[in-house]
> 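This is the structure, below, for whatever I ask next.
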Amino acid sequence: MEIPERYDSKEAEPRWQKHWEEHGIFKFDASDTRRECFSVDTPPPTISGKVHLGHAYSYSQQDFIVRFQRMLGKNIFYPFGTDNNGVATERLVEKMKKVSARNMPREAFIQLCSETVEKELKPEYVQDMKRMGMSFDFSLFYDTIDTHARRISQRSFIELYKKGREYRKDAPAMWCPQCRTGISQVECEDKEVDSFFNDIVFKVQHKDGRAEDVVIATTRPELLPACVAVMFNPEDSRYQKFKGMDVAVPLFGQTVKAIADKRVSLEKGTGIVMCCTFGDQTDMEWQKAYALPIKTAIGPDGKMTSVAGKYEGKTVHEARKEMLAELKAAGLLLAQKAIKHAVKVHERCGTEIEILKTKQWFIQYLDLREEMLEWGQKLNWYPPHMRHRYEHWVNGLQWDWMISRQRFFGVPFPVWYCKECEGVILANESDLPVDPLKHQAPVSACPKCGCVSFVPESDVMDTWATSSLTPLISTELVKDPEMRKKLFPMSLRPQAHDIITFWLFNTVVKSRLHFGVNPWKDCVISGHAQDPHGRKMSKSKGNVVEPQAMIAKYSADALRFWAAGSRLGEDLPFQEKDLVTGEKFATKLWNAARFSFLHLADYKDEKMKLELVDRWLLSKLSRIVTDATAHFNSYEYSKTKSDTEAFFWRVFCDNYLEMVKDRLYNPQQRGIEARRSAQYGLYHALLTVVKLMAPITPHITEEVYQRFYAAHEGKKSVHIAAWPTAGTVDEDAERVGDFLLEAVEHMRRAKSEKKVSLKTPVKKMFLKGKISTEEFSEILPELKSVTQAGEVEYERLPESAETAFICDLEL
RNA sequence: GGGCUCAUAGUUCAGCGGCUAGAACGUCUCCUUUACACGGAGAAGGUCACCGGUUCGAUUCCGGUUGGGCCCACCA
């Protein structure tokens with residue numbers, strides 16, 4: 001058998017990827033309703049250019065699991081989706097094409113986004129995924145903005161509306177005055193700014209008509225016209241006397257109540273604070289808790305409204321400056337203290353966000369907190385502690401789920417409003433997907449008031465409103481309803497820990513609201529790839545590593561081998577040197593295979609009585625198979641990898657191969673049966689190692705499998721070969737074989753200390769141990785050939801002896 | 001501020017109520033040996049973060065402290 005000396009991963013990996021694709025190795029069989037299915041709710045990545053190392057890390061980990069399940073013989077449903085819905089794509093396209101969504105026709109911008117995604121971003125991204133060796137069935141493909149996903153997303157909206165779970169109302173929401181849209185938390189970032197604490201005098205009005213000054217510190221004096229209350233901590237002895245009193249706001253003169261609330265810090269500022277609608281999150285909570293009026297001083301364009309009186313039309317900064325001047329002139333500005341503090345800005349444009357009352361759509365779920373906790377408990381979490389993050393999030397929920405955005409490239413709400421009564425008119429389900437801006441409402445007159453003109457909803461849904469439907473979007477790619485029942489609820493949700501509160505939580509909520517069941521049985525939470533110092537990789541820090549470059553320099557197998565090196569859920573710092581280990585593993589496997597195949601050319605798979613050393617090896621291997629299978633079943637791929645690697649390197653290569661050489665090379669002395677027994681051990685041990693490692697390093701294992709085993713085993717790929725089953729554990733063989741190993745190691749140490757070659761013959765060897773003389777005779781030929789010993793003497797020690805191994809050597 | 005998590009060799013990680021605490025990479029010494037020098041054999045390298053507790057015995061279990069990381073909240 002001609003086998004090249006070197007394994008060239010750069011040539012081999014793309015070749016096998018092509019082979020898998022051409023032979024449909026990863027294809028889901030939609031017609032096979034008898035086989036057990038394993039359905040995976042794949043995370044659809046946002047395509048913002050290339051695959052990131054963080055993706056390579058966590059996607060590799062889910063691929064280990066899927067490949068293992070495939071080898072168990074299951075019908076694997078492993079679709080691939082992308083999430084190009086929403087502001088992330090808009091931002092990228094604006095940057096790439098140097099356009100601004102606000103300055104071009106809506107339709108043209110949407111078109112540009114679609115085309116850029118389809119023609120420029122997606123092909124490269126998919127190629128990256130394939131190059132990593134991902135075993136997706138790429139024929140099961142979706143995008144959260146495609147027609148299929150839009151239809152399902154709109155259908156979900158309509159169903160939840162009909163269930164009474166959705167409402168539209170004026171509510172405070174974060175708003176970017178620059179981009180003029182409501183935005184979500186994920187779209188904000190903190191920015192350190194220089195500012196001032198301004199000590200401003202308010203007047204407390206006592207019952208007897210007396211007025212008392214109270215000093216309130218604020219960084220945002222322009223919100224004085226929006227002040228609706230002043231707050232202090234109930235524990236604060238300085239202000240308790242003011243409780244329930246009226247307070248006059250300077251410059252604008254409105255009278256507000258003084259309210260005690262424990263959310264006020266005793267230390268910050270002067271300990272008494274103004275509540276404005278709305279300066280921050282706490283203001284929203286207070287407004288709601290005390291049913292305070294809402295006074296909107298800042299408009300959607302970032303300018304002061306008529307509430308600000310003569311300041312109307314001025315910008316926030318102009319108004320701030322002018323009000324401070326006026327306060328100072330009136331002697332109401334006591335002091336200004338320079339501070340640095342963090343403000344929330346829109347990550348896209350750096351504009352400070354405002355909280356404005358706008359009309360938004362919400363999914364009502366705050367009433368379901370107890371149920372949410374139960375749903376979380378019914379999921380199988382791997383690792384289990386990840387459930388705490390879900391629970392922590394649920395316990396901290398303050399608001400219903402806001403799903404509308406004033407953006408463009410998203411799924412439209414399938415809704416029109418009656419011009420007269422503002423009644424909601426829903427699209428017909430059979431017409432989905434619709435765009436109300438382009439399509440007519442499905443009724444000719446409002447069913448409530450008979451009005452015949454309608455206003456289309458121009459908002460789009462937030463991306464999470466759609467991506468929380470991936471179990472539906474993916475399983476509905478399958479047409480057969482019987483098969484769909486086998487796929488949903490899905491077997492597995494793999495994802496990283498940072499989006500438990502977003503994607504995982506939202507998906508559970510939607511599935512429960514629609515179907516009353518959890519969307520999956522198990523969820524596997526992976527960690528993050530970090531930079532070499534254990535910090536998060538991010539473009540702004542400039543510490544991002546591109547997996548494509550690493551694959552080109554090393555191999556996909558090397559990258560995957562690295563990704564298999566940490567415990568499930570743990571973050572792993574990336575150091576380039578760690579990729580060398582995976583490369584070395586592939587080389588070692590290649591060379592071990594070359595040796596094995598050289599001696600297996602005449603191999604026949606027949607049952608026979610095995611020699612002790614072979615039984616020793618296969619018994620050790622049986623233990624590895626048992627453990628590896630158990631670990632993989634609980635998604636602990638890293639343990640499978642480390643156990644298998646240790647067995648392969650330490651036991652199989654370093655020792656077993658040395659022990660069988662004499663029998664393989666010299667059948668004339670050792671006998672043909674002895675050689676055949678060694679062949680049996682070689683064949684099965686190597687094949688088992690190849691299979692155990694196949695999910696982790698799919699390319700080198702495929703190469704080895706195809707070079708020899710495919711012809712014997714009759715499978716088109718190792719990845720659809722049967723996962724190994726454990727053989728018998730032979731404790732006697734292990735005991736005797738371990739004694740042999742101890743003797744060999746003793747000899748090696750002695751030769752190394754004497755700084756001589758391992759080939760140097762041993763003149764005499766005196767051994768004492770607890771194995772029987774018959775047992776010793778079974779390992780004597782191996783002992784002699786491996787150690788190059790001439791004369792060997794053995795003495796059996798009594799069971800009561802303190803040591804079980806004594807060895808003297810004469811070199 | 002809250003939640004979770006981690007702390008073991010120079011580095012990245014395993015591990016375990018009791019052996020001499022392991023692996024890989026790195027360092028040093030030796031060995032061309034018929035699968036592999038992209039290799040092999042061997043060595044050096046650890047107060048298992050710190051302080052208490054439980055225990056015959058703790059690196060391991062419990063409590064606390066310190067430090068790192070991620071997420072969430074706050075930021076008048």
Side-chain angles (χ1 to χ4, degrees), chain A residues 3 5-7 185 190 192-193 195 197-198 216-220 223 227 230-231 263-265 268-276 279-283 339-344 383 385-393 395-396 398 496-502 527-528 530 532-536 561-562 565-567 569-599 638-639 641-643 645-646 649-650 653-654 657-658 661 664-665 744-745 747-760 788:
Chain A
I3 297 180
E5 280 188 23
R6 296 267 180 260
Y7 168 66
Q185 277 177 8
D190 286 348
E192 279 285 314
V193 295
S195 185
F197 252 141
N198 300 284
I216 293 181
T218 180
T219 55
R220 298 203 62 185
L223 288 175
C227 177
V230 298
M231 320 293 295
R263 277 166 278 204
V264 181
S265 154
K268 254 180 218 169
T270 56
I272 185 160
V273 57
M274 58 178 193
C275 168
C276 308
D280 63 24
Q281 181 92 15
T282 324
D283 287 344
I339 55 160
K340 268 188 192 297
H341 72 148
V343 296
K344 270 201 197 321
H385 70 252
M386 291 295 178
R387 197 185 83 219
H388 298 308
R389 294 200 183 192
Y390 171 99
E391 290 178 346
H392 186 241
W393 173 256
N395 286 327
Q398 296 283 331
H497 56 54
D498 57 332
I499 49 171
I500 289 174
T501 56
F502 293 95
H528 272 159
Q530 300 170 322
H533 308 288
R535 282 179 307 230
K536 191 178 178 173
F561 193 89
W562 165 75
S566 75
R567 248 178 359 189
E570 291 296 303
D571 295 336
L572 183 61
F574 175 80
Q575 302 193 93
E576 196 175 326
K577 70 176 177 67
D578 291 336
L579 293 183
V580 175
T581 315
E583 278 294 86
K584 285 190 172 186
F585 172 78
T587 303
K588 191 76 175 173
L589 185 57
W590 177 252
N591 284 312
R594 280 177 62 220
F595 170 82
S596 302
F597 299 161
L598 185 71
H599 296 284
S638 68
K639 291 199 173 97
K641 181 216 132 190
S642 58
D643 287 354
E645 184 191 7
W649 214 294
R650 306 267 137 270
C653 290
D654 291 348
L657 291 188
E658 294 307 318
K661 274 180 182 169
L664 291 170
Y665 280 113
V744 168
E745 284 174 345
M747 172 278 294
R748 285 176 181 152
R749 209 170 297 121
K751 287 184 182 173
S752 184
E753 274 165 20
K754 288 232 156 86
K755 298 190 177 184
V756 296
S757 163
L758 289 179
K759 258 194 144 178
T760 310
Q788 298 289 312

> Identify which nucleotide among B:A76, B:G69, B:C38 has an atom closest to any side-chain atom of A:Arg6, counting heavy atoms from C-beta outward.
B:C38

> Taking pairing as Watson-Crick or G-U wobble with both contacts under 3.5 Å, can you name the mate of B:G57, or confirm there isn't one?
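No nucleotide pairs with B:G57.
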
> With heavy atoms under 4.0 Å as the rule, sort A:Ala592 into base, sugar-phosphate or nothing.
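A:Ala592: base contact, heavy atoms under 4.0 Å.
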
> Would you state whether a donor and an acceptor, one from the side chain of A:Lys584 and one from the base of B:C38, lie under 3.5 Å apart?
no

> In whole angstrom, what separates A:Lys751's NZ from B:G42's P?
12 Å

> Counting only side-chain heavy atoms from C-beta out, which of B:C36, B:G3, B:A76 sits nearest to A:His392?
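Nearest to the side chain of A:His392 among the choices is B:G3.
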
> Can you tell me which nucleotide in B:G69, B:A76, B:A24 comes closest to the side chain of A:Arg650?
B:A24

> NA contact type, A:Asp654, heavy-atom cut-off 4.0 Å: base, sugar-phosphate, or nothing?
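Contact class for A:Asp654: sugar-phosphate only.
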
> From the options B:C70, B:A41, B:G15, select the nucleotide whose nearest atom is closest to the side chain of A:Ser752.
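From the listed options, B:A41 comes nearest.
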
> Of all the nucleotides listed (B:A76, B:U33, B:C36), which has the minimum atom distance to the side chain of A:Lys759?
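Nearest listed nucleotide: B:U33.
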
> Should the side chain of A:Thr587 and the base of B:C38 be counted as holding a donor-acceptor pair, with the cut-off at 3.5 Å?
yes

> Less than 3.5 Å between a donor and an acceptor, one on the side chain of A:Lys577 and one on the base of B:U12, is that the case here?
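Answer is no: no donor-acceptor pair is held.
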
> Contact class for A:Arg389 (heavy atom, under 4.0 Å): base, sugar-phosphate, or nothing?
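Answer is base: heavy atoms of A:Arg389 come under 4.0 Å of a base.
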
> Calculate the interatomic distance between A:Leu589 atom CG and B:G39 atom C1'; express it in whole Å.
15 Å

> Classify the nucleic acid contact of A:Cys653 as base, sugar-phosphate or nothing, counting any heavy atom under 4.0 Å across all strands shown.
base

> If I take atom CG in residue A:Leu579 and atom C1' in nucleotide B:U11, what distance separates them, rounded to the nearest angstrom?
15 Å

> Find the partner of B:G10: check Watson-Crick (N1-N3 plus N6-O4 or O6-N4) and G-U wobble (N1-O2, O6-N3) distances, both under 3.5 Å, and reply none if neither fits.
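Matched B:G10 with B:C25 under the 3.5 Å cut-off.
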
> For B:C16, give its Watson-Crick or G-U wobble partner with both distances under 3.5 Å, or none.
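Across all strands, not a single nucleotide pairs with B:C16.
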
> In whole Å, measure the gap between the C1' atoms of B:G42 and B:U8 for me.
24 Å

> Angle between ring planes, A:Trp649 versus A:Phe585, binned at 30° and 60°: parallel, tilted or perpendicular?
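The rings of A:Trp649 and A:Phe585 sit tilted, inter-plane angle from 30° to 60°.
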
> Look at all strands and tell whether A:Val264 reaches a base, only sugar-phosphate, or nothing, counting heavy atoms closer than 4.0 Å.
base

> Only pairs with both distances under 3.5 Å count, Watson-Crick or wobble alike; so what is the partner of B:G63 in this structure?
B:C51

> Over all strands shown, is A:Gly396 touching base, sugar-phosphate only, or nothing at heavy-atom distances under 4.0 angstrom?
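No contact.
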
> Measuring from the side chain of A:Lys755 (C-beta onward, heavy atoms only), which nucleotide among B:C70, B:U29, B:G15 has the closest atom?
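Output: B:U29.
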
> Using a 4.0 Å heavy-atom cut-off, does A:Gly565 contact any base of the nucleic acid, only the sugar-phosphate backbone, or nothing at all?
sugar-phosphate

> Where the side chain of A:Arg749 is defined as all heavy atoms beyond and including C-beta, which of B:C25, B:A43, B:A76 is the nearest nucleotide?
B:A43

> Where the side chain of A:Arg535 is defined as all heavy atoms beyond and including C-beta, which of B:G3, B:U12, B:G69 is the nearest nucleotide?
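Nearest nucleotide to the side chain: B:G69.
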
> Starting from the 5' end of RNA chain B, give me the residue, A:Trp562 or A:Asp498, whose nearest nucleotide shows up first.
A:Trp562

> Which whole-number value in Å describes the distance from A:Gln575 CD to B:C25 P?
14 Å

> Whether the side chain of A:Trp590 engages the backbone of A:Glu5 through a donor-acceptor N/O pair (distance < 3.5 Å, no angle test) should be reported.
yes

> Measure from CD on A:Gln788 to P on B:G40 and round the result to the nearest Å.
19 Å

> Tell me whether the OP1 or OP2 atom of B:A14 has a side-chain N or O from A:Arg567 closer than 4.0 Å.
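Affirmative; the distance criterion is met.
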
> Please check the phosphate of B:G40 (OP1 and OP2 only) for any side-chain N or O of A:Lys588 closer than 4.0 Å.
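Looking at the OP1 and OP2 atoms of B:G40, one of them is under 4.0 Å from a side-chain N or O of A:Lys588.
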
> Quick one: does NZ or CZ of A:Lys584 land under 6.0 Å from the six-membered ring centre of A:Phe561, within 45 degrees of the ring axis?
no

> Phosphate oxygens OP1/OP2 of B:A24: is one of them under 4.0 Å from a side-chain N or O of A:Trp649?
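For A:Trp649, the contact criterion (side-chain N or O under 4.0 Å from OP1 or OP2 of B:A24) is not met.
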
> Less than 4.0 angstrom between a side-chain N/O of A:Ser642 and OP1 or OP2 of B:A23, yes or no?
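So the side chain of A:Ser642 is outside the cut-off, no N or O lying under 4.0 Å from OP1 or OP2 of B:A23.
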
> Both A:Leu572 and A:Thr501 contact RNA chain B. Taking the nearest nucleotide for each, which residue is further toward the 5' end?
A:Leu572

> Across the strands shown, which category fits A:Asp283 at heavy-atom distances under 4.0 angstrom: base, sugar-phosphate, nothing?
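A:Asp283: no heavy atom of the nucleic acid under 4.0 Å.
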
> Measure from the side chain of A:Glu570, starting at C-beta and using heavy atoms only, and say which of B:C25, B:C72, B:U5 lies closest.
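Shortest atom-to-atom distance from the side chain points to B:U5.
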
> For A:Trp590, answer base if it contacts any base atom (sugar-phosphate contacts may also be present), sugar-phosphate if it contacts only those atoms, and nothing otherwise; contact means non-hydrogen atoms under 4.0 Å.
nothing

> Which nucleotide wins on minimum distance to the side chain of A:Thr218, given the candidates B:U12, B:A76, B:A41?
B:A76

